[in-house]
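Below is one structure, written out as C-alpha cells; the observations come after it.
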Amino acid sequence: MKLMDSELNELIKVRREKLQELQDMGIQPFGGRFEVTDKAQEILSDFEGYEGKQVKVAGRLMAKRGHGKASFAHLQDRTGQIQIYVRLDNVGEDTYSVFKKIDIGDIIGVSGKVFKTKKGEITIEVHTLEILTKSLRPLPEKWHGLKDVDLRYRQRYVDLIVNPETRDVFITRSKVIKAMRDFLDERGFLEVETPMMHPIPGGALARPFITHHNALDIDLYLRIALELHLKRLLVGGLERVYEIGRVFRNEGISTKHNPEFTMMELYQAYADYEVMMELTENLIASCAKEALGTTVITYQGEEIDLTPPWTRITMLDAIKKYAEIDFTEITTDEEARNAAKDLGLEIDDDVSWGTVVNEVFEEKVEPHLIQPTFVTDYPIEISPLAKKKDDNPKLTYRFEAFIYARELANAFSELNDPIDQKERFIKQLKQREKGDEEAHMMDEDFVRALEYGMPPAGGLGIGVDRLIMLLTDSPSIRDVILFPTMRPRDNE
RNA sequence: GAGCCAUUAGCUCAGUUGGCAGAGCACCUGACUUUUAAUCAGGGUGUCCCAGGUUCGAGUCCUGGAUGGCUCACCA
C-alpha cells in the first residue's frame with residue numbers, strides 16, 4: 001500500500017501519462033453527462049428485440065482485446081457485462097486512437113448497433129465512443145478477482161467492481177429490507193425514526209459507545225436498541241410502529257458481530273408474543289420469497305426450510321430434551337447452580353435460577369437448533385422488559401427464534417405495568433452496582449410514559465444483518481455490511 | 001482480551017537444506033479488421049509487512065511489533 005507516492009509505481013505513472021496525452025488531444029478525461037438509454041443485461045436477455053437497434057450504454061471497461069485496426073472489449077454497468085466491438089472503419093481515426101489509449105478500468109460511454117458475432121456473442125458495434133472517466137489505478141486481475149479479505153473490506157469499491165457475487169449480496173440485502181418494509185406497511189405499521197443519541201442507553205443488555213455534545217456539554221450514548229422510544233410511541237397512540245436502523249454496541253468483533261449493525265424492531269398494540277410468533281415466521285418467509293423466490297434455502301451446506309409454521313418449544317422443555325434436566329423440579333438458586341455444574345458448566349456462586357437456566361440453554365440446546373425454532377418462556381432475570389407469566393412469575397412471555405443455532409429474533413409480550421417495570425430497573429441497577437456493565441440503567445422517563453398507560457402489546461426485534469447472512473449464504477457478518485468496522489492502517 | 005495461522009510485483013500465488021527474487025494475469029514496445037482467460041515476438045516493473053537479532057550470507061532461523069483470518073471469551 002505504497003500507492004500514495006505515484007512515482008514509485010510504474011502502472012500508475014503510465015496511466016498519468018495517458019491522462020496527459022488525452023488532455024493534450026483536447027479530450028476531457030473526467031467528463032460530464034452521458035445519456036444512457038440501455039443496460040447490458042436488458043440487451044443480452046432480449047436480443048431479438050434489440051438486434052440491429054441503436055443503443056447507448058455506459059460503464060467500466062473490464063477487458064480489452066486489440067487486433068490492430070479492430071478491437072473487442074467488455075463494458076460493465078450495474079446490470080452486468082456486454083461486449084463491444086470497436087472498428088477503425090466504423091469510428092474513424094480520431095476515436096480509434098482515443099480508444100487505444102483507454103485502459104481497463106476506465107469508464108466510457110458508447111453508442112452503436114446490437115449484433116451477434118460469428119462466435120455467437122451479443123455485441124455492440126460501436127459508432128461513437130467517449131471517455132467519461134479515466135481510471136488512474138490498475139484493477140485486480142480479471143480471472144481471480146480480489147481475494148484478499150482485508151482489501152475487500154477496506155476497499156469495498158474495488159471488491160464491487162471485480163467480484164460480481166459481492167454486488168449480488170448487496171442487491172439481495174436491499175431486496176430483503178424492501179420486502180420487510182412492504183410486509184409491515186401492508187399490515188398497517190408506521191415506519192418511524194427515533195434518536196440514535198440517548199442520554200440513557202436502554203432496551204438491551206449491552207455496553208454502549210459514549211460521545212459528547214459540546215453545546216449542551218453532556219455525554220450521550222449511541223443507542224444499543226430501539227425499544228424504549230418505540231414503546232413511548234405506543235403510549236402516544238401510534239399503535240403499530242417499526243424502525244429499521246443502526247444500533248451500536250461497544251463489544252468484540254467476530255464473524256457474527258460488528259460494532260454497528262442493523263436492527264428491525266416493531267411494536268403492535270393489543271397483540272402478544274403469540275401474535276409475534278406468527279408475524280415473525282411469516283415476515284421471514286416473505287423476505288425469503290421476495291428476495292430469493294423460495295422459502296427453502298441452503299446455508300453453509302445445510303438445507304433450511306423457512307416455510308411456516310416453525311417448531312415451538314419452551315426453554316425448559318428444550319433443556320429437558322437436550323440436557324435431560326427438568327428445571328421445573330429445581331426451585332432454588334443453589335440447586336440450579338449445582339445441576340449446571342454437574343453438566344460441566346462454569347457457574348459463579350451468586351447467579352440466580354433464571355441465569356443458570358439460560359446458561360444451560362445456551363450451552364446445551366442452542367447448537368441443536370438448526371431448523372427454525374421458537375424457544376419460549378424465558379427467565380425473568382434476563383428479560384427486564386418482558387411481561388411475566390401469570391402462572392409462573394419466574395418466567396416471561398418471551399421467545400427467541402433460532403436458525404442455524406443463531407438467535408435471529410427476540411420478542412415478547414411487552415411489560416406495561418409501570419410499577420413492575422420500575423422494580424425490574426431497580427434490580428438491574430443492583431446488578432450494575434455489582435459490576436455488571438451490561439445491566440440496564442434506570443430510565444425514569446420511560447417509567448413515566450408507562451404510567452400514562454401503554455396498551456398491551458407484542459414487540460419483536462430482528463437482527464437484519466444476520467437474516468441477510470442466512471439468505472445470502474454468507475459466513476461472516478462482514479460479507480453483508482458494505483463497510484465493516486476495521487482498525488485503521490497507519491500508512492494510509 | 002487469549003490461542004493458532006497468514007502477510008513476497010498492481011492482482012492471484014510459488015519460493016527446496018539459509019546461498020543472485022520467481023510464474024500467470026495486468027503493464028510497456030511491436031504485429032494483427034469477428035476476438036473472448038484473443039494470439040505471436042520482446043521487456044520484470046519488488047521496502048519479500050515493520051524493527052531488531054543469529055550468521056560469511058536471511059524471503060527462509062530467533063525475538064518484539066503491525067494488520068488480517070479462524071477458534072475461544074462477551075454479545076445480537
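Just the heavy atoms: all of them, side chains too, but no hydrogens, waters or symmetry mates, feed the values below. Naming convention: chains lettered A, B, ... in sequence-line order (proteins, then strands); numbering from 1 in each chain.
For the C1' atom pair drawn from B:rG44 and B:rC25, the interatomic distance equals 14 Å after rounding to whole Å. Nucleotides B:rG15 and B:rA23 have their P atoms positioned 15 Å apart, rounded to a whole Å. Rounded to the nearest Å, the gap between the P atom of B:rU8 and that of B:rU16 is 16 Å. Look at the P atom in both B:rU33 and B:rU47: the space between them is 39 Å, to the nearest Å. A distance of about 11 Å separates the C1' atoms of B:rU54 and B:rG18, rounded to the whole Å. Comparing the same atom, C1', in B:rA21 and in B:rU39 gives a spacing of 29 Å after rounding to whole Å. Separating the P atom of B:rC49 from that of B:rG59 is a span of 10 Å, rounded to the nearest Å. Comparing the C1' positions of B:rA9 and B:rC27 gives an interatomic distance of 11 Å, to the nearest angstrom.
Between A:K119 and B:rU36 there is a side-chain polar atom (N or O) within less than 4.0 angstrom of OP1 or OP2. In this structure, A:R137 does not reach the B:rC11 phosphate: none of its side-chain N or O atoms is under 4.0 Å from OP1 or OP2. In terms of phosphate contacts, A:K142 brings no side-chain nitrogen or oxygen within less than 4.0 Å of OP1 or OP2 of B:rC11. Dashed line: the shortest gap from a side-chain N or O of A:K64 to OP1 or OP2 of B:rA26 is not under 4.0 Å. OP1 or OP2 of B:rG68 lies within a sub-4.0 Å distance of a side-chain N or O belonging to A:R487.
Between the side chains of A:Q20 and A:D24, at least one donor-acceptor pair of N or O atoms lies under 3.5 Å. At a cut-off of 3.5 Å, with distance as the only test, no side-chain donor of A:Y153 or A:D159 sits close to an acceptor on the other residue. A donor atom on one side chain and an acceptor atom on the other are found under 3.5 Å apart for A:Y299 and A:R406. Using modelled atom types, one finds no donor on one side chain facing an acceptor on the other under 3.5 Å when comparing A:T314 with A:T376.
A:G461 comes within contact range of no nucleotide atom at all, as no heavy-atom separation falls under 4.0 Å. Among the heavy atoms of the strands lying under 4.0 Å from A:R249 is at least one base atom, whether or not backbone atoms are also near. Heavy atoms of A:D89 sit under 4.0 angstrom from at least one base atom. Looking at heavy-atom distances under 4.0 Å, A:F115 makes contact with a base. Looking at heavy-atom distances under 4.0 Å, A:L146 makes contact with sugar-phosphate atoms alone, never a base. As judged by a 4.0 angstrom heavy-atom cut-off over every strand, A:N250 is placed among residues making no nucleic acid contact. Within the 4.0 angstrom heavy-atom criterion, only backbone atoms of the sugar-phosphate kind lie near A:M486; the bases stay farther away.
A:E51 has no carboxylate O lying under 4.0 Å from a charged side-chain N of A:K53, or vice versa, which leaves the two without a salt bridge. Ionic pairing of A:K231 and A:E414 is present here: one or more N-O contacts between side-chain nitrogen and carboxylate oxygen are shorter than 4.0 angstrom.
Each of B:rU34, B:rU67, B:rC11 was ranked by its minimum atom distance to the side chain of A:F72; first place goes to B:rU34. Closest approach to the A:W143 side chain among B:rC28, B:rC70, B:rA37 is made by B:rA37 (side chain taken as heavy atoms from C-beta onward). For A:K18, whose side chain is taken as the heavy atoms from C-beta onward, the closest listed nucleotide among B:rU33, B:rU34, B:rC28 is B:rC28. Comparing B:rU12, B:rC11, B:rG68 by their closest approach to the side chain of A:L151 singles out B:rC11. Ranking B:rU34, B:rC74, B:rU12 by closeness to the A:E251 side chain, first place goes to B:rC74. Nearest nucleotide to the side chain of A:V14, out of B:rU36, B:rA73, B:rC28: B:rC28. Listed nucleotides B:rA73, B:rC70, B:rA38 differ in distance to A:H67; the shortest reach to its side chain belongs to B:rA38. Candidate nucleotides B:rA76, B:rU71, B:rC28 were compared by shortest atom distance to the side chain of A:T255, and B:rU71 ranks first. Counting only heavy atoms from C-beta on, A:I104 has its side chain closest to B:rC27 among B:rU33, B:rC27, B:rU34.
Between the P atom of B:rC74 and the CD1 atom of A:I224 lies a distance of 18 Å, rounded to the nearest Å. Rounded to a whole Å, the CZ atom of A:R15 is 12 Å from the P atom of B:rA26. Here the P atom of nucleotide B:rC27 and the CG atom of A:L136 are 15 Å apart, to the nearest Å. At whole-Å resolution of the value, CD in A:E10 and C1' in B:rU29 are 13 Å apart. The NE2 atom of A:H144 sits 16 Å away from the P atom of B:rA23 (whole-angstrom rounding). Rounded to whole Å, the distance from CG on A:D479 to P on B:rG68 is 16 Å. B:rA76 atom C1' lies 11 Å from atom CG of A:L205, rounded to whole Å. Rounded to an integer number of Å, the gap from A:R65 CZ to B:rC25 P is 15 Å.
Residues A:Y322 and A:H368 bring their aromatic ring centres within 6.0 Å. Taking the six-membered ring for Trp and the full ring otherwise, A:Y397 and A:F412 have centroids separated by 6.0 Å or more. Aromatic ring centroids of A:F115 and A:Y50 lie 6.0 Å or more apart.
Searching all strands for a Watson-Crick or G-U wobble partner of B:rA9 with both distances below 3.5 Å returns nothing. The pairing partner recorded for B:rA38 is none, the criterion being a Watson-Crick or G-U wobble arrangement whose two distances lie under 3.5 angstrom. Under the Watson-Crick or G-U wobble criterion, with both distances below 3.5 Å, B:rA2 is paired with B:rU71. In this structure, B:rG52 forms a base pair with B:rC62, meeting either the Watson-Crick or the G-U wobble geometry with both donor-acceptor distances under 3.5 Å. Base pairing annotation: B:rA21 forms no Watson-Crick or G-U wobble pair, as no partner gives both donor-acceptor distances under 3.5 Å. Base pairing of B:rA14 is not made with any nucleotide, judged by Watson-Crick or G-U wobble geometry with both donor-acceptor distances under 3.5 Å.
For B:rU35, the base has no donor-acceptor partner in the side chain of A:E121 [N/O atoms by modelled type, under 3.5 angstrom]. The base of B:rG24 sits within donor-acceptor range of the side chain of A:E141, with an N or O pair under 3.5 Å. For B:rU33, the base has a donor-acceptor partner in the side chain of A:R87 [N/O atoms by modelled type, under 3.5 angstrom]. Side-chain N/O atoms of A:D150 and base N/O atoms of B:rU67 include no donor-acceptor pair closer than 3.5 Å.
Here A:F261 lies parallel enough and close enough to stack on the base of B:rA76, with planes under 30° and ring centres under 5.5 Å apart.
Using bins of under 30°, 30° to 60° and over 60° for the plane-to-plane angle, the ring pair A:F374/A:F399 lands in the perpendicular bin.
Along RNA chain B, the nucleotide closest to A:E363 and the one closest to A:Y153 are compared, and the more 5′ of them pairs with A:Y153. Comparing A:Q83 and A:P138 by the nucleotide of RNA chain B whose heavy atom lies nearest to each, the residue mapping closer to the 5' end is A:P138.
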